[in-house]
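Please read the structure below before turning to the comments.
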Amino acid sequence: MSLDRAALQQRLLESFRIEARERLIVLADGLAGWQEAASDRELIESVFREVHSLKGAARAVGLQPLEQLCHAWENLLGAVRNEELQLTATSLELCRQALKVAQKLSTAQTLEAEELPLLVEALEAAGRGETVRLRETAPARTQQATDSSMVRVSAKNLDTLLFHGEALLQHKLEAQAVSQGLREHALTFDAQRNRNFIGQHSWKQLRDELESLSLQNSDTLQGLFDYLDWSQGQFDQLHFEAINLDKAGRRLAQGLSQLSDAHAEDMLAVLLLPVGTLTEGIPAMVQDLARQAGKRVELQMRSAGLQVDKRILDELRTPLTHLLRNAIDHGIEAPEQREAFGKTPVGQLQIELHQESVDWFLLSVRDDGNGIDIPQLKARAIGSGLLNEAEAAQLNDSEARKLVFASGLSTASMITDLSGRGLGMAIVQDTVERIGGRVELESISGQGTCFRLYLPLSLSAFRAVIVRNAERLFAIPALAVERCLRLPPDAVRMLENRPSLVWEERVLPVWPLADILALGSVEPGAGELTLLLLHVRGERFVLLVDELLGDQEITVKSLGLQLQKVRNLMGATVLGDGRLVPILEPVDLFQSALTTNTSSFCRQEDEGSTVRAQRLLIAEDSFTSRGLLKAILEAAGYLVATANDGLEAWNALKQENYDLLVSDVEMPRMDGFTLTDRVRADRELAQLPVILVTALESPEDRAKGLEAGANAYLVKSGFAQDNLLDAIRRLI
């Protein structure tokens, strides 16, 4: 089947015009708030990003005049953003003229002769700091839609329909709850009817004996029987009404359920589109970008037949464009470079879309370049002032790769119309997190780079984990939750003066949710701890909560215009019983946790410690190994202190008393052999038991350790927890 390129181009232009209209509105509002030489940096950054994204969208659909205008406009804004120029009346007017011309170009209006070339030339000159003479531009004319087969619905009206659908869903849940209550109420009459039936035989016997009683007793009992008969009639009437209410409640709940489900299906038909629409026009754009960069690229696309919320797809067009530009400009090398690396001259670029779960799908963009150059990335971060040399040296490769998402940081040698401004990856991360997804980055030296975007299928509903903490309910997006754990209290220990959990040979920080949200100190229960393992921006951390109530699909309700951004909150939802539950923002939770200085868990542990344990000192330069050893020993009941190397351990031994020393061998400043020699040579410490735990397993190293005076020598490759504990118990 041949591809109808004209029809495809028309669909792309329609999508572009919708996106361009939204971006131009944002630009108009942003420029309206600018003041000469005194504009807010965040506002300048926002306008700069919108122009950058508009340029990428224009490139995707082949609107070269608009792309050319945005590129020149971007140069001027970039100079202002980098404080190379100040905002002047001239530059402000040029920005307003650029907005008017962009509005004309996006709606296919006719420009005056030389209007675009003169404006582009003026913008470029202003960006270089040259004096510019202004010219007047005609206001943009609005263009009426002529396609009668399409009905355009404003985003505001669509949001209103979605709100009504969510309200209808809530009424459906409430009606079902009321119907269930009425059903249970009607069933309570059955037990009373059974008791009445059993008592009727006794009442009949008493009635038969009325004539044998005295007149006074007979009248009294007759009055009692009359009251019982009246009560039975009232009871039967109430039972009859309860049955009718039960039937009416079930009819109402069923009707609301059918109406709500039908409305939801109709809204899905409006909102859901094939995920393949996201990649329409991508092959042509990739080849165009490759030609401009002087590279050869083969594109492979794999997409499953799933339906995704149109609003999600619209939000993803710009991030996908930035990912592809980044892969072509930074990832895939030129043909001659690839041949020098022993690769084929044609680079491989792969886009994959598939459903991960009921509520989530994955978009991945992979290239087969040489991967991210970590030293170069650190050098650029230092050069831009983002890091100093000491901070850069402390970053491992995984942490350094995250620098690609920093705004304004680029590894490009020069700024071109393709890349170099350092905004693309920041826009990708911000957009994905704004719609409730997450980004993961994988880069292997010599093999390539892969960006994975985990995204919800719908903006209005997704699965969330419901937790209770400090008598309050909270919802956490299920995509951010890797594991839900129930562990004994001693599983969380104080490592490096903070609560930590050793999980799958990794030391993870633990923060009580009550501390992050400032809900006050909460007394822990006597049973197991309820923990949530979260994964945010490549970081893993653990939340301590009071109770896990399960996971369920929820509808997201906005906080409203007055509360557009509240720290730690992304919205709210209403449960079936009518309770309003805040939805927590995982990224904000992690950032808030990093600023939390105290821990109620730490206070609880300190208050509960009344028995003095034997004191051990660990000397280990690896944070992970140090944390694992500390966790093992504290779980066995020992009081443990740590030192980062041999010299720090020696100073600690001279200042405080310890019952045993566990030391690594290879450490900076002072190794384990030297530390053991000093301990044995010191009159006060000569009898202190010393255990060396190291990766050095040769007979010579073992002999050297024993000659230095170590009481035990354990090799990490064959190290077992029981061996260490047995050795300690024998020595102290």
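Keep in mind that the numbers below use all heavy atoms, side chains included, and drop hydrogens, waters and symmetry copies. Numbers here simply count residues along the sequence, with the first being 1.
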Self-check item: Main-chain N/O of Q103 paired with S106 side-chain donor or acceptor, under 3.5 Å
Solution: yes

Quiz item: Is it true that a side-chain atom of T431 and a backbone atom of V428 form a donor plus acceptor pair closer than 3.5 Å?
Solution: no

Quiz item: Is E67 salt-bridged to R59, going by a charged N under 4.0 Å from an acidic O?
Solution: yes

Quiz item: Considering all heavy atoms of both residues, which atom of A102 and which atom of L24 are nearest to each other, and what is their separation?
Solution: CB-CD2, 3.9 Å

Practice problem: Look at atom CD of Q300 and say whether more than 12 heavy atoms of other residues, nucleotides or ligands are closer to it than 6.0 Å. | Solution: yes

Quiz item: Do D588 side-chain atoms and R567 backbone N/O form a donor-acceptor pair below 3.5 Å?
Solution: no

Quiz item: Which atoms form the tightest heavy-atom contact between L313 and P274, and what is the distance?
Solution: CD1-O, 3.9 Å

Quiz item: Any chance CZ of F235 has more than 12 other-residue heavy atoms, nucleotides or ligands included, within less than 6.0 Å?
Solution: yes

Quiz item: Do other residues, nucleotides or ligands put more than 12 heavy atoms under 6.0 Å from K310 NZ?
Solution: no

Quiz item: Minimum heavy-atom separation for H239 to F189, with atom names?
Solution: CD2-CB, 3.5 Å

Practice problem: Evaluate the ring planes of F451 and F405, with Trp represented by its six-membered ring, and classify them as parallel (under 30°), tilted (30 to 60°) or perpendicular (over 60°). | Solution: perpendicular

Self-check item: The single option from L27, V47, L77 passing side-chain contact (heavy atoms from CB on, under 4.5 Å) against C95
Solution: L77

Quiz item: Ignoring hydrogens and geometry, is there a side-chain-to-backbone donor-acceptor pair from T321 to R317 under 3.5 Å?
Solution: yes

Quiz item: So, T318 versus R23: side-chain donor-acceptor pair below 3.5 Å or not?
Solution: yes

Quiz item: Under a 4.5 Å cut-off applied to non-hydrogen side-chain atoms, are L533 and R540 in contact?
Solution: yes

Quiz item: If you take all heavy atoms of C450 and R452, which pair is closest and at what distance?
Solution: SG-CG, 3.9 Å

Self-check item: Point-to-point distance, once rounded to the nearest 0.5 Å, from CD of Q176 to CD of Q254
Solution: 10.5 Å

Quiz item: Quick one: side chain to side chain contact (heavy atoms under 4.5 Å, CB included) partners of L479, sequence neighbours excluded?
Solution: W360, R438, Y454

Quiz item: Given the rule in the side chain to side chain donor-acceptor pair (under 3.5 Å) test, do R250 and S179 qualify, once you have shown the distances and angles that lead to the verdict?
Solution: CA-CA 6 Å; R250 279 186 284 176; S179 175; 5.4 Å; no

Quiz prompt | Donor-acceptor contact present, side-chain D551 to main-chain V465, <3.5 Å | solution = no

Quiz item: Donor-acceptor pair, S592 side chain versus L589 backbone, under 3.5 Å?
Solution: no

Quiz item: Between the side chain of S53 and the main-chain N/O of R49, is any donor-acceptor distance below 3.5 Å?
Solution: yes

